[in-house]
Amino acid sequence: MTDGCIAPSCCSTIHSKDVDMFYLPTHDKKAFVWLKVLQRMDLAKDFQSQFYRVCSKHFSPAQFNQSTKFSRPRLAPHAVPDIIFPKFE
């Protein structure tokens, strides 16, 4: 299990301020879409969604549920990470 964001070149962790962390979807097909977008198919072999997180820095505002009834940001059902940082070489 990791406490950091799995996106390449991202240093966010569960301890980072002003960043929310989201587990990968439990539905395999949607989770694999996330892994592909994040260029992390290396994690697909032994995939277990509860072990991997992606931080809020990788989601545009359109990816969030706009309801005001939630105290913390929540991803919309269709959410897919759409802000990807370049990899460090």
Side-chain angles (χ1 to χ4, degrees):
M1 180 180 286
T2 179
D3 65 353
C5 179
I6 64 166
S9 306
C10 187
C11 299
S12 297
T13 71
I14 59 172
H15 307 292
S16 299
K17 293 185 180 201
D18 300 323
V19 174
D20 291 293
M21 302 294 283
F22 302 97
Y23 286 105
L24 266 65
T26 56
H27 188 270
D28 284 349
K29 285 186 181 181
K30 189 170 183 182
F32 286 114
V33 168
W34 283 33
L35 291 174
K36 187 173 183 176
V37 167
L38 293 167
Q39 301 172 1
R40 290 303 311 265
M41 290 305 290
D42 58 304
L43 301 176
K45 183 180 178 191
D46 297 318
F47 177 74
Q48 292 185 340
S49 64
Q50 72 269 23
F51 293 150
Y52 303 120
R53 297 180 177 111
V54 179
C55 77
S56 55
K57 293 179 183 180
H58 302 287
F59 297 92
S60 65
Q63 303 297 324
F64 289 93
N65 187 326
Q66 301 301 319
S67 175
T68 58
K69 69 180 182 178
F70 302 119
S71 60
R72 293 184 48 210
R74 298 220 179 171
L75 293 175
H78 65 274
V80 174
D82 58 352
I83 300 174
I84 311 302
F85 305 148
K87 288 183 180 180
F88 293 130
E89 297 292 326

Which atom names give the shortest non-hydrogen contact between Lys30 and Pro25, and what distance separates them? CG-CG, 3.7 Å
Pro81 and Val37 have their tightest heavy-atom pair at O-CG1, 3.1 Å
Do Met21 and Trp34 sit in one hydrophobic cluster, given that two such residues count as connected whenever their side-chain heavy atoms are within less than 4.5 Å of each other, even indirectly? no
Within one Ile-Leu-Val-Met-Phe-Trp-Tyr cluster: Val19 and Phe59, side-chain cutoff 4.5 Å: no
Would you mind reporting whether [Y] and [X] have side-chain heavy atoms less than 4.5 Å apart?
X	Y	result
Leu24	Val54	yes
Cys55	Cys10	yes
Leu75	Phe64	yes

How would you list, by chain and number, every residue that makes a side chain to side chain donor-acceptor pair (under 3.5 Å) with Ser12, sequence neighbours excluded? Lys57
Among all residues two or more places apart in sequence or in another chain, which pass the side-chain contact (heavy atoms from CB on, under 4.5 Å) test with Arg40? Ile6, Pro8, Leu35, Leu38, Asp42, Leu43
Spell out, as yes or no, whether a donor-acceptor pair under 3.5 Å connects the side chain of Asp3 to the backbone of Ile14. no
Interatomic spacing from [atom1] in [X] to [atom2] in [Y] - rounded to 0.5 Å:
X	Y	atom1	atom2	answer
Asn65	His78	CG	NE2	9.5 Å
Phe32	Met41	CZ	CE	6.0 Å
Gln63	Asp82	CD	CG	4.5 Å

